[in-house]
Amino acid sequence: MPEADEVDDEEEMPLSLRLSIADTLTLGNATCGFMAVYFTTTGILIPHLTDSQESGMARNSAATAVILMLCAAVFDLFDGLVARKLRSSPMGAELDNLSDLISFGLAPAYFVLVYGMVADDASQRVAAVGAVVVLLAVVLRLARFSCVTPANGMFQGMPSPFGALTVVAIVLLELPFVATLLAILGTAWLMVSRVEYPKPRGRLAGAMLAWIVLAMGLLAAWAFGAPSGQLLLQTGCALQLVMGAVIPLFATARRVNNFRGNRREARAAQLP
């Protein structure tokens with residue numbers, strides 16, 4: 001019997017290789033990111049290179065690719081919540097970073113690259129530089145996140161899911177090429193900056209989920225040619241950019257208020 005127990009212990013899978021529920025959600029994140037690249041290639045790039053005349057293909061595929069990135073953001077949101085509520089495997093942090101690199105680094109960077117190839121007023125080589133900058137910004141952000149412990153309730157720099165969706169929103173706005181490129185570079189800078197963004201927890205997580213669902217609806221309306229679908233999509237993309245610029249202001253204001261409150265308490269403690 002002891003020998004049988006030893007054999008069972010040897011054949012038992014190591015704890016570090018067992019996937020938790022949170023890890024499964026993280027793998028869903030990676031899958032969505034890869035499929036976003038697939039739809040960007042098959043529905044936008046290949047028809048452009050082959051001069052396909054099938055109407056609506058590029059629009060439907062672009063919407064599908066972005067919706068998949070939004071789904072990846074949902075998986076990324078819930079895997080953290082599940083990991084805090086339930087058990088997380090030792091591989092959780094590594095899986096999360098690798099999945100985020102695919103969904104929020106590779107997928108949006110590739111989207112920018114393809115945009116530079118298919119847009120009439122775009123420069124393919126310059127767009128390629130912008131795509132590389134986006135990818136490297138996400139790589140640097142994820143590496144820094146692994147090495148630096150963030151302040152309580154705050155991120156340093158724009159979170160990579162939010163940054164990826166902002167980059168895609170800039171492309172979908174169909175601004176002039178120079179303005180598009182500058183906005184993309186500005187978003188990449190925000191991701192590696194020390195500008196503080198709040199972590200999506202509690203009510204903020206619910207608001208983020210509601211925004212993602214609304215964005216999916218706007219993309220679907222645009223893809224299927226609904227009345228004013230283009231206007232609705234551009235309005236949603238503009239709101240994404242506004243939120244990227246305004247949210248840090250709320251975080252800064254809260255930090256200033258906390259600092260002032262601490263100073264008042266310190267002065268009150270010094271009074272006789």
Q) Are V171 and L70 joined in one hydrophobic group, where the rule is that I, L, V, M, F, W and Y side chains link up if heavy atoms are under 4.5 Å apart? A) yes
Q. With the 4.5 Å side-chain cut-off for hydrophobic clustering, are I102 and L98 part of the same group?
A. no
**Q.** Reported CG-to-OG1 distance for the pair L49 and T41, which is rounded to 0.5 angstrom
**A.** 10.0 Å
Q.
Starting from M117, can I reach F39 by hopping between I/L/V/M/F/W/Y residues whose side chains sit under 4.5 Å apart?
A. no
Q) Any idea which heavy atoms bring P248 and V195 closest together, and the distance? A) CB-CG1, 3.4 Å
Q. Is there a path of hydrophobic side-chain contacts, each under 4.5 Å between heavy atoms of I, L, V, M, F, W or Y residues, that connects M69 with L209?
A. yes
Q. Heavy-atom distance under 4.5 Å between the side chains of W222 and Q234, does that happen here?
A. no
Q) Under 3.5 Å, is there a donor-acceptor pair between the Q240 and W211 side chains? A) yes
**Q.** Spacing of L113 atom CG and R125 atom CZ [to the nearest 0.5 Å]
**A.** 13.0 Å
Q: With rounding to the nearest 0.5 Å, note down the distance linking CE in M216 to CG in L68.
A: 8.5 Å
Q.
Donor-acceptor pair, distance only, cut-off 3.5 Å: does the side chain of Y115 make one with the backbone of A122?
A. no
Q) Could you walk me through whether D96 and D76 pass the side chain to side chain contact (heavy atoms under 4.5 Å, CB included) check? A) CA-CA 8 Å; D96 189 59; D76 185 65; 3.2 Å; yes
**Q.** Within one Ile-Leu-Val-Met-Phe-Trp-Tyr cluster: W189 and Y197, side-chain cutoff 4.5 Å
**A.** yes
Q: Verify side chain to side chain contact (heavy atoms under 4.5 Å, CB included) between T40 and L45, making sure each step is shown before the conclusion.
A: CA-CA 7 Å; T40 303; L45 180 59; 5.9 Å; no
Q.
Between L241 and L173, is the side chain to side chain contact (heavy atoms under 4.5 Å, CB included) condition met? List the steps.
A. CA-CA 10 Å; L241 269 65; L173 271 175; 3.9 Å; yes
(Q) Apply the hydrophobic cluster definition, ILVMFWY joined by side-chain contacts under 4.5 Å directly or through others, and give me every member besides V178. (A) L182
Q.
Please check if the number of heavy atoms outside F177 that lie under 6.0 Å from its CZ is greater than 12.
A. yes
Q. Taking atom CG of L185 and atom CG of L190, what is their separation to the nearest 0.5 Å?
A. 11.5 Å
Q) Does R141 count as lying over the ring of F155, i.e. NZ or CZ under 6.0 Å from the six-ring centre, within 45 degrees of the axis? A) yes
**Q.** Contact summary for M208 and P200, nearest pair of heavy atoms
**A.** SD-CB, 3.9 Å
Q.
Treating T180 as the side-chain partner and L175 as the backbone partner, does any N or O pair qualify as donor plus acceptor under 3.5 Å?
A. yes
Q) How far apart are the closest heavy atoms of G163 and T187, and which atoms are they? A) O-CG2, 3.7 Å
Q. side-chain contact (heavy atoms from CB on, under 4.5 Å) with Y110: which of L135, V37, V134?
A. V37
**Q.** Closest approach of S61 to G43 (non-hydrogen atoms, all atoms of both residues)
**A.** OG-CA, 3.0 Å
Q | Candidate pair L172 and F111, rule side chain to side chain contact (heavy atoms under 4.5 Å, CB included), full reasoning | A | CA-CA 10 Å; L172 293 178; F111 199 82; 4.2 Å; yes
**Q.** For the student: nearest non-hydrogen atoms of L218 and G236, plus distance
**A.** CD1-CA, 3.9 Å
Q. Can you find a pair of side-chain heavy atoms, one from F162 and one from T166, that are under 4.5 Å apart?
A. yes
Q: Tell me who clusters with L140, hydrophobic residues only, linked when side chains sit under 4.5 Å apart either directly or through other members.
A: V192
Q | L233 vs L219 side-chain heavy atoms within contact, under 4.5 Å | A | yes
Q) Pairs in or reaching into residues 129-140: which pass side-chain hydrogen bond (donor to acceptor under 3.5 Å, both in side chains), with residues at least two apart or in two chains? A) none
Q. Looking at CE of M35 and OG1 of T42, how far apart are the two atoms once the value is rounded to the nearest 0.5 Å?
A. 8.0 Å
Q.
If we ignore hydrogens and angles and just use 3.5 Å, is the side chain of S99 paired with the main-chain N or O of T26 as donor and acceptor?
A. yes
Q. Which heavy atom of I212 sits nearest a heavy atom of A73, and at what distance?
A. CD1-CB, 4.0 Å
Q.
Distance check, rounded to the nearest 0.5 Å: F104 atom CZ versus C32 atom SG?
A. 9.0 Å
(Q) Would you say N29 and D100 are linked by a side-chain donor-acceptor pair, where the criterion is simply a distance under 3.5 Å? (A) yes
